[in-house]
Amino acid sequence: MHEASRILQTIWTERDTTPATTIHPPLYRGSTVLFNNYEEFCQAGRNEYPGISYGTDRLPTQRQFEEALRELEGGALCRVFPSGIHAVQTALSAFVGQGDHLLLCDNAYGPSQRFCRKILPRFGVESTLLPPDVGADILDHLRPNTRVILLESPGSLTFELQDIQAITAIARERGIVTMLDASWATPLYLKPLALGVDLSIHSVSKYIGGYSDILAGAVTVSARHAQRFADYYKDLEIYTPAEICSLALRGLHSLATRLRRHEESAITIARWLQGQPGVGEVLHPAFPEHPQHWLWRRDFSGSSGLFAFTLTREYSDVQLATAINALQLFAIGYSWGGSKSLITASRVRRNLTCRYRGKTLIRLNIGLEEPEDLLADLADGFGMLISNG
Ligand SMILES: Cc1ncc(COP(=O)(O)O)c(C=O)c1O
């Protein structure tokens with residue numbers, strides 16, 4: 001045998017004979033998965049093989065993360081995706097078809113709405129928007145062919161909450177599938193399935209990943225819909241790379257600790273902002289002033305580090321740019337939930353009526369820095385906008 005081939009063959013034959021026990025599970029990465037014998041191979045051909053038969057058949061690293069999240073969410077099945085938006089799109093398309101109608105909240109993540117508006121009509125699926133604070137009044141929006149309701153509570157820009165329990169009770173009676181994007185609350189602070197939701201969706205890129213260095217998504221499904229979703233996922237041959245699943249699994253270890261810090265710092269900073277004369281409204285579900293605070297108290301067990309505020313007057317783009325560019329610790333960027341504090345500012349555009357329409361919303365992702373340093377940064381850089389009423 002050629003020398004290099006011989007060495008590689010030796011490594012291969014001895015691959016499991018000298019295992020090391022690490023705290024974090026080893027990474028499984030591969031396309032081909034070997035069968036022990038020809039009989040197993042034939043079983044796989046007949047779809048009867050109980051083991052993993054291919055790289056897209058969810059290798060152990062992926063399965064470990066899915067299993068951990070499934071348990072946290074209290075679901076029957078969990079599947080992971082290469083991004084949060086991929087998870088949303090797959091969840092929706094698994095349960096709608098030609099002639100169906102779908103309802104989604106007007107505060108849902110922009111690309112989720114875009115998928116419903118631009119892609120689903122091509123497959124004969126019509127969607128209409130719900131008020132972002134919808135509850136039992138969802139009855140006014142149902143049609144005989146409504147098949148799916150997509151909620152996002154709170155919305156990640158304007159932070160309205162939906163009455164999840166009222167909606168799921170109504171949907172269940174009519175056989176309508178409910179889905180909820182719970183990325184803000186994480187699986188620790190909201191248990192959508194316990195509130196009657198059928199599919200709980202997370203952008204794992206946010207708090208679960210925790211460091212803004214991965215893109216991933218996850219869907220956890222109730223027993224009633226688990227088989228259909230498992231089949232759909234398999235038919236599409238979706239999988240998520242092992243490195244991503246491993247980082248997501250690692251993120252779960254520190255999620256509770258990080259989240260406590262995000263929560264405390266965000267509340268400190270939001271309270272301070274409330275006391276500034278130039279700040280209009282602080283949009284934070286854990287604050288009694290929030291219009292659906294009672295829903296947060298009823299359904300959630302904590303709050304995370306993302307909130308927004310308005311200003312008492314509108315400023316020009318140049319004035320906003322001057323203030324935002326002056327910040328030292330807050331970086332400008334979209335994907336929240338990580339250790340670095342972030343800021344975005346935009347004028348709210350909505351299809352339905354919205355109390356913030358046309359107003360500038362400043363959104364803060366409060367990271368893991370010292371809250372006093374973040375306050376000082378806001379007071380310095382942002383002072384000219386928030387200290388004058
Ligand atoms: C509420 C919400 N859901 C889903 C997504 C999509 O997640 P990803 O960036 O992992 O595709 C985002 C991204 O910002 C989001 O804010």
Side-chain angles (χ1 to χ4, degrees), residues 65-66 69 73 78-93 104-117 119 129-130 132 149-162 164 178-190 192 197 199-220 238-241 243-245 247-248 251-252 255 259 262 266 283-285 300 303-308 331-346 348-350 361 363-367:
F65 173 62
E66 289 174 346
L69 193 54
E73 293 254 65
C78 176
R79 290 290 181 266
V80 63
F81 293 83
S83 69
I85 189 60
H86 196 343
V88 173
Q89 293 169 353
T90 310
L92 290 172
S93 54
L104 77 158
C105 287
D106 196 21
N107 63 348
Y109 179 55
S112 304
Q113 296 201 31
R114 194 171 63 214
F115 179 71
C116 296
R117 194 174 60 246
I119 307 295
L129 292 167
L130 290 166
I149 298 169
L150 174 67
L151 307 174
E152 188 175 308
S153 195
S156 62
L157 188 62
T158 41
F159 299 92
E160 301 92 343
L161 303 173
Q162 293 105 51
I164 302 169
T178 50
M179 311 180 177
L180 188 141
D181 183 331
S183 304
W184 181 86
T186 83
L188 298 186
Y189 288 166
L190 183 72
V197 171
L199 281 79
S200 170
I201 306 173
H202 285 282
S203 166
V204 172
S205 326
K206 307 292 186 276
Y207 288 108
I208 297 174
Y211 294 92
S212 314
D213 57 356
I214 59 167
L215 277 167
V219 178
T220 306
I238 302 169
Y239 83 102
T240 306
E243 289 81 355
I244 302 298
C245 295
L247 288 171
L252 285 181
L255 181 60
L259 214 48
H262 284 296
L283 287 57
H284 193 308
F300 293 71
S303 60
S304 58
L306 188 78
F307 68 93
I332 308 165
Y334 285 121
S335 191
W336 42 275
S339 55
K340 174 91 185 131
S341 287
L342 300 173
I343 185 167
T344 59
S346 52
V348 179
R349 280 172 299 171
R350 273 289 162 75
L361 265 193
R363 189 182 73 170
L364 299 181
N365 168 63
I366 303 301

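Counting starts at 1 for both ligands and their atoms, in listed order. What's counted below: heavy atoms across the whole structure, side chains too, no hydrogens, waters or symmetry copies. A quick note: this is a predicted structure, and the numbers were derived from the prediction, not measured.
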> Is any side-chain heavy atom of His284 less than 4.5 Å from a side-chain heavy atom of Ser303?
Replying inline: yes
> Any side-chain heavy atom of Ile244 within less than 4.5 Å of one from Pro82?
Replying inline: no
> Would you say the side-chain atoms of Ser341 pair up with the backbone N or O of Gly367, donor to acceptor, closer than 3.5 Å?
Replying inline: yes
Quick one: does [X] get within less than 4.0 Å of ligand 1, heavy atoms only?
X	answer
Ser156	yes
Trp184	no
Ala216	yes

For [atom], what is the closest protein heavy atom, and at what distance to 0.1 Å?
atom	answer
atom 6 (C) of ligand 1	Tyr109 CE2, 3.3 Å
atom 9 (O) of ligand 1	Lys206 NZ, 3.3 Å
atom 1 (C) of ligand 1	Glu152 OE2, 3.3 Å
atom 8 (P) of ligand 1	Gly84 N, 3.4 Å
atom 16 (O) of ligand 1	Trp336 NE1, 3.2 Å
atom 10 (O) of ligand 1	Ser205 OG, 2.5 Å
atom 11 (O) of ligand 1	Ile85 N, 2.9 Å

>> Would you say CZ of Phe300 has more than 12 non-hydrogen atoms from neighbouring residues, nucleotides or ligands within 6.0 angstrom?
In response: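 Atom CZ in Phe300 is crowded, with more than 12 foreign heavy atoms closer than 6.0 Å.
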Spatial distance of atom [atom1] ([X]) from atom [atom2] ([Y]) [nearest 0.5 Å]:
X	Y	atom1	atom2	result
Thr344	Leu364	OG1	CG	8.0 Å
Thr178	Gln162	OG1	CD	11.5 Å
Ile201	Leu92	CD1	CG	6.0 Å

>> I'd like to check which ligand 1 atoms, numbered from 1 as shown, lie under 4.0 Å from a non-hydrogen atom of Leu215.
In response: 9 (O), 10 (O)
> Quick one: which ligand 1 atoms are inside 4.0 Å of a heavy atom on Ser203?
Replying inline: 4 (C), 5 (C), 7 (O), 8 (P), 10 (O)
> Cut-off 3.5 Å, side chains only: do Thr90 and Arg79 have a donor facing an acceptor?
Replying inline: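 Absent: no donor and acceptor within the cut-off.
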> Strictly by modelled atom types, are Trp184 and Ser304 linked by a side-chain donor-acceptor pair under 3.5 Å?
Replying inline: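 Indeed, the side chains of Trp184 and Ser304 share at least one donor-acceptor pair under 3.5 Å.
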> Taking distance alone, with no angle check, do Asp181 and ligand 1 share an N/O pair under 3.5 Å?
Replying inline: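 Asp181 vs ligand 1: N/O contact under 3.5 Å present.
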